[in-house]
Amino acid sequence: MNMPMPNLQPLMPEILFLCFALIIMILELFLKSKETVGLLVIVAVAATAYLFPQSFGTTFSGMFISDGYSSFFKFVFLLNLTLTILISIRYIQIERAEFGEYYTILMFSTLGMMIMASAGDLIVLYLGLELMALSTYILAAFIRHDARSTEASLKYFLLGAFSSAILLYGIMLIYGLAGTTDIMKLSALLLKSNMKLQTLFAIVMVTVAFGFKIALVPFHMWAPDVYEGAPTSITAFMSVGPKAAGFAVIGRVFLTGFEGFTPDWRLLLIVLSIATMAIGNILAIQQQNLKRMLAYSSVAHAGYAVLGVIAGGSEGLSSMMNYLLIYAFMNIGAFSIIILLRNEQERIETLEQIRGLAKNHPFTSALMLIFMFSLTGIPPTAGFIGKFFIFRSLVYAGYAWLAVVAVVFSVISAFFYLRVVMYMYMYEPSETAEQALAPSAPLGLALFITAVMVILIGLYPEPFISFARVVTG
Amino acid sequence: MVPLHWYLWLSAVVFSVGMFGFLTRRNVIIMFLSIELMLNGVNIGLVALSHYMQDLRGQVLTLFVIAVAAAEAAIGLAIVIAMFRNRQTVHVDEIKEMKG
């Protein structure tokens with residue numbers, strides 16, 4: 001049998017990244033200092049990012065697509081990985097979970113996300129998703145001696161595996177109806193099969209599965225427990241990475257693969273997004289634990305990002321991509337502050353514990369204030385720009401009423417974000433807030449990058465906005 | 001020859017039994033088994049469709065699903081063991097440190 005060699009050029013970043021991951025996995029056995037391993041991963045990230053511009057194209061008969069859209073998402077994933085490593089280095093020492101595998105598993109998870117963003121076929125999509133998800137289950141349980149960490153991982157694993165099974169059933173139905181798993185050809189073939197009811201059932205199954213992955217209400221119930229229990233650095237990682245990967249896939253599958261059924265899935269997503277924004281923002285109000293509050297906030301933010309998919313077109317997609325990029329900076333920034341507060345003695349995670357933080361740690365409080373303002377969407381921070389372009393694309397698409405609903409929930413969210421600021425600035429210090437912080441150079445760098453980007457995108461958004469618009473064409 | 005829809009019904013039934021088991025049983029190991037049952041329900045459907053359409057994609061996906069399920073089993077059981085060392089239970093109703 002004669003098999004022509006497929007064109008590997010579009011796949012080069014992934015291949016290089018995988019080689020780096022495998023080499024680092026072996027090197028890590030001989031390296032005493034785990035900081036060096038983290039540094040090596042950042043070198044791998046830089047080398048991979050360097051290959052993106054030359055990698056455009058389609059290969060393996062349409063199964064793997066590398067274009068501007070996927071490259072933008074891969075950029076977000078690599079950024080997420082870099083920031084996560086910077087905030088992890090000191091943190092995993094404090095949590096006594098400093099194993100070299102930590103970094104390689106982070107790399108494998110990121111590789112899975114990159115494959116998802118480039119998937120042109122449902123089979124590739126499933127494999128990328130599983131590589132990402134299986135790695136993240138391990139990372140969530142990384143503090144093995146901590147009951148909360150393993151509990152979080154167990155919950156994440158059970159619901160994640162359950163949702164993948166549902167996704168597979170949806171893929172099976174689509175395969176049966178269309179006779180193919182190629183996302184590009186799906187729409188026409190599904191319309192030709194003339195079985196609307198069955199197709200809609202398959203679309204619902206796929207929506208449910210992705211809803212689990214990006215934590216849309218009513219499939220969000222795992223998120224608060226998992227985000228609270230997992231190591232904080234991993235919470236930061238998985239509140240951005242897997243979520244952005246889920247959106248990358250939704251953007252491609254729904255807008256291309258299910259194009260012929262746009263009115264139907266749009267209705268479904270509108271219902272889900274309103275429920276997500278409502279439940280996420282309202283339940284966040286009663287949270288005392290900061291990690292748990294940020295978990296509900298991340299549920300709510302997924303609701304805003306879905307609005308970009310509902311608006312559709314290159315305008316909606318680019319606003320959704322921008323939102324995820326901005327969300328990466330502000331969310332990882334907020335989690336970095338929680339990591340900074342974690343010292344050798346205890347976890348400082350609740351509102352009571354940060355009471356009056358500004359008295360002793362004015363600089364830390366000021367940074368937290370920036371991130372909280374940005375998550376609320378107050379100008380001149382990046383969060384405002386993200387929300388503004390999402391709402392604008394909604395209005396252009398003729399969903400002005402939905403934009404109004406989103407703004408209302410955005411106002412509700414100000415209550416719990418600004419309450420954090422109030423606790424830090426307007427109360428007398430509690431005992432815990434007077435304790436020493438656990439600063440380190442990499443964590444400082446991560447905080448510097450995130451804070452500067454949040455302000456910079458807020459003041460001067462033009463290059464970022466046009467970048468996303470150019471890559472979506 | 002057995003008609004295609006028999007296989008699809010079998011696939012749907014096996015999948016539903018797995019889903020029902022996942023939602024009703026409270027032992028982690030049994031819940032995990034139920035997920036495997038759901039995956040195998042999908043596999044039956046994929047292989048049947050692949051055979052009737054004379055298209056190999058379905059069988060390729062089935063092989064991948066089996067491989068991924070094996071990896072998932074390894075990771076899942078490892079997590080269950082780590083959990084058991086901390087808590088001495090495999091009953092999900094007793095795993096409730098975090099709530100709200």
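Proteins come first, then strands; the chains are lettered A, B, ... in the order of their sequence lines, and each starts at number 1. These values consider heavy atoms only, across backbone and side chains, with no hydrogens, waters or symmetry-generated copies. The structure displayed is predicted, hence computed values, not measured ones.
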#### Entry: Which of B:Ala48, B:Ala78, B:Ala71, B:Ser50 touches chain A most, by non-hydrogen pairs under 4.5 Å
B:Ser50
So how far is it from [X] [atom1] to [Y] [atom2], rounded to the nearest 0.5 Å?
X        : Y        : atom1 : atom2 : answer
A:Ser149 : B:Ile79  : OG    : CD1   : 9.5 Å
B:Phe15  : A:Met205 : CZ    : CE    : 4.5 Å
A:Glu130 : B:Glu72  : CD    : CD    : 5.0 Å
B:Met83  : A:Leu154 : CE    : CG    : 6.5 Å
A:Asp121 : B:Leu61  : CG    : CG    : 9.0 Å
A:Leu158 : B:Phe22  : CG    : CZ    : 5.0 Å

### Task
Specify the closest pair of heavy atoms between B:Ile35 and A:Ala161, including all atoms of both residues, with the distance to one decimal.
CD1-CB, 3.7 Å
Using a cut-off of 6.0 Å, state whether more than 12 heavy atoms not belonging to [X] lie near its atom [atom1].
X        : atom1 : result
A:Phe99  : CZ    : yes
B:Leu23  : CG    : yes
A:Phe201 : CZ    : no
B:Arg26  : CZ    : yes
A:Arg419 : CZ    : yes

### Task
For the residue pair B:Val80 and A:Phe157, establish whether any side-chain heavy-atom pair is separated by less than 4.5 Å.
no
### Query
Are the side chains of B:Met19 and A:Phe162 in touch, meaning some heavy atoms are under 4.5 Å apart?
yes
### Message
Evaluate B:Phe84 against A:Thr150 for side-chain contact (heavy atoms from CB on, under 4.5 Å), listing each step before the verdict.
### Response
CA-CA 9 Å; B:Phe84 190 79; A:Thr150 46; over 6 Å; no
### Message
Between A:Ser153, A:Ala152, A:Ala141, who has the most heavy-atom pairs with chain B when the cutoff is under 4.5 Å?
### Response
A:Ser153
For [X], which atoms come within 4.5 Å of any heavy atom of chain A: side chain, backbone, both, or neither?
X       : result
B:Ser34 : neither
B:Arg87 : side chain
B:Ala12 : both

### Query
Is A:Tyr175 reaching over with its side chain to a backbone N or O of B:Leu49, donor-acceptor style, under 3.5 angstrom?
no
### Query
Under 3.5 Å, side chain of B:Asn86 to main-chain N/O of A:Arg144, donor-acceptor pair present?
yes
### Per-residue contact mode, A:Leu127 against chain B (heavy atom under 4.5 angstrom)
side chain
### Task
Carefully, step by step, assess A:Ile166 and B:Met38 under the rule side-chain contact (heavy atoms from CB on, under 4.5 Å).
CA-CA 8 Å; A:Ile166 293 177; B:Met38 290 167 78; 4.3 Å; yes
